[in-house]
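FYI, the numbering just counts along the sequence from 1. Read the numbers this way: they start at 1 and go in the same order the structure lists the ligands and their atoms.
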Amino acid sequence: MVKAYKIDENIIRYTFGRPINTDAVVVVRGEDIGNREMPYVNILSSENLLITYKMDDLDIVYGLGQNQRGINKRGGIYESFCSDDPNHTPNKKSLYGAHNFIIVDGKEKFGIFIDYPGKVKFDIGFTHKEYLEVSLDDNNVYVYIIEGENSKAIVKSFLNIIGMGYVPPKWAFGYQQCRWSYEDKDEIEEVANKFIENNIPCDTIYLDIDYMDTYKDFTVSNERFSDFSNFVKKMKDKGFRLIPIIDAGVKIQEGYDVYEEGIKNNYFCTDESGNPFVAAVWPGKVHFPDFLNKEARLWFGLKYNILVDCGIEGFWNDMNEPAIFYTERGIKEAIHRAKESEGKNLDMDTFFDLMDTFRNVNNNDEDYKAMYHNMDGKRLNHYHVHNLYGYNMTRSAGEAFEHIDKNKRFLMFSRSSYIGMHRYSGIWTGDNHSWWDHILLNLKMMPSLNMCGLLYSGADTGGFSEDANSQLLIRWNQFSMFTPLYRNHSAKGTRRQEPYAFEEETKDILKNMIEIRYSLIPYIYSEYMKAILNRHMYFMPLSFEYEDVMSKRVENQLLLGDSLMVAPLYEENSLGRYVYLPEDMLLWKAKQYDERNYEVMKKGHAYVDIPLEEVAIFIRKNKILVLGNSARNVDSMDNSSISVIAFVEDKATYALYDDDGVTKEFKEGKYSEIEIVIEKKDEDFEITIENSGNEEIKTIKFEIIDVLGNVIEKRVQV
Ligand code: MIG
């Protein structure tokens, strides 16, 4: 029997011990219902919580947000412990985020959210193929059981209690260019000019760690970025917003105000003896702001204003697991081990142990165990609340933005995260590689992230580590062009990866793909915003919408919003792929946004040729795709005249959402909606349009494709 609290018809929270309040869940209404048996699962131990569930052969387990392996998580073992691990190979158990929400979908359907900020292990049929086991080394935890008719309904209930998701400014849906690093003003300007010369749309250019003065947060190198405010303005006038990175560690340096204020006010995490905890990252030795301390959080957050005052409108938060290169403890241990080994004839175990000691100097659990927080006056060991760090760093900025400019949307995404962070930002998926596998991994992660409300997300397109060839970059863009965060990023020392860094043909294809993205923005933005407002996902596995058996097996296609299915190509030298169609769909193999060709695809399995220069866009039956026009950036889009592609058997409806794109007034209902209905009447199609408040769109050109593939064109005034 466990203490139970009924939040609503679908959700009961079970309390073990005295859990830490993580603020993952923000809507807690309802009533105490005394002690109850937990449904579905068996509690094998409540000392160190261990719960199990016996799965049926065909049960699917969705979730775990940013993690390895499939959309269906069965067969894997996972550990939630935010990790700065740049090798996203299938053997890894944790990446940068901790998202302890899963859905079992099969004979029984339910969701579980383990609200615990330390290590949580999910063994999903790895050790015992039919058992799902969730365990932790603690007994202070909230376990939420979420019921619902189907996965979609369960997600909706979950999103309802974790609160409304983050909304970036509309320009953040444009194409974004990053590289570690564009080192000075000249280089940034050169990048901007190349985009302009080549007529490739782009909204932002990123500042990676080298913009700072010796990696000090909220400073700008005077040498390389003198007269920063003017430069920010100059770039904005050219059409590009600059997005600086902020790292978690604060450099220890006398005279550096962030350091000095942090020391003076006890805003840093401490060590065992209560002194500020010391670790080394980019700036050398640093202290970590104590983001679990409310005052420290606000203090650090308000520092973003230094850059906002220079005209900056967006940020990315990095190294906030927090990543640690080394500590004195780690170095000492390594040296000690090395000395012990000196002059000896080492047996293999000792030798490998020695190697591991050096390899594990960074991001070592021993260091996390030696670090402390002050949360509302309570001293907490970091190790047990590790997964809250990145989330609260980003929350610090989010909370401060409310003070800095209450009504303005800032672009913000983080590397590390926990459930609840979606209220303040999105995430990018960290240091992937220029590997074909990582396109597929990117795809699989998206719906799992969406299940936790993290909608504004995307991967380093083209791959961060290693060199991308042109084909990989093109194919990756052909997936990323659908993700809300669409950013090309690459690491120092790797081959340049901007679209113009390749030969003409590649550049032209990339330009076309980016233009298609811009033309998709009315749809993408509309779907994003409706997902936020209605607590839906933006990307869904096919099985969330279609109930047939095959849809449950698909691991390499996704539904995007109401109307689209995407099936990207992720294999080298492959010029086509197998696609499963759960119903008849319309295939548009798009080469350029304003060039159309259609093919009606029959329900079932198909092999689709997808030449390098084409992206396959599937429009579902009785659904509508709205297409705007490409432009050099989002601010200069002219969508007074737009197009609609509709695949209609009998009746299709679509609600096109739009708003001012920059304020938070949509929360008060200040947005427009155009309701489009297309209905088959005898041999013709009748179109009705109801416009509530959209002042931009004046005409819509309809291309209605019937089930036989006939194209009927009409032009309608709005
Ligand atoms: O240790 O700032 O994931 O996007 O370019 C590497 C340099 C630190 C890791 C981030 C990556 C960024 C890089 N950072």
Under 3.5 Å, is there a donor on one side chain and an acceptor on the other for Y96 and N320?
no
What residue and atom, counting heavy atoms only, is the protein's closest point to atom 11 (C) of ligand 1, and at what distance?
D431 OD1, 3.4 Å
Indicate the ring-plane relationship of W180 and W282, choosing parallel, tilted or perpendicular according to the 30° and 60° boundaries.
perpendicular
Going by the 4.0 angstrom heavy-atom rule, the piece of W316 near ligand 1 is side chain
Identity and separation of the nearest protein heavy atom to atom 6 (C) of ligand 1:
W282 CZ2, 3.5 Å
Test Y206 against every option in Y211, Y182, F315, W316 by the ring-ring contact (aromatic ring centres under 6.0 Å, His included) rule and name the one that passes.
W316
Looking only at N/O atoms, are R487 and ligand 1 under 3.5 Å apart anywhere?
no
Could you give the distance from NZ (K285) to NZ (K251), rounded to the nearest 0.5 Å?
11.0 Å
Nearest neighbour in protein (non-hydrogen) for atom 14 (N) of ligand 1:
D318 OD2, 2.8 Å
If you measure every N/O of D460 against every N/O of ligand 1, is any gap under 3.5 Å?
no
Closer than 4.0 Å to some heavy atom of I245 - which atoms of ligand 1 meet that?
2 (O)
In the protein, which heavy atom is nearest to atom 12 (C) of ligand 1, and how far is it?
D208 OD2, 3.4 Å
R329 and E366 ion-paired at < 4.0 Å
no
Which bit of K492 is near ligand 1, meaning a heavy atom under 4.0 Å away: side chain, backbone, both or neither?
neither
Under a 3.5 Å threshold, yes or no: a donor from one side chain and an acceptor from the other, between N469 and E572?
yes
Nearest-neighbour protein heavy atom for atom 4 (O) of ligand 1, which is reported as residue plus atom name and distance:
H489 NE2, 2.9 Å
Side chains of S434 and E466: do they bring a donor and an acceptor to under 3.5 Å?
no
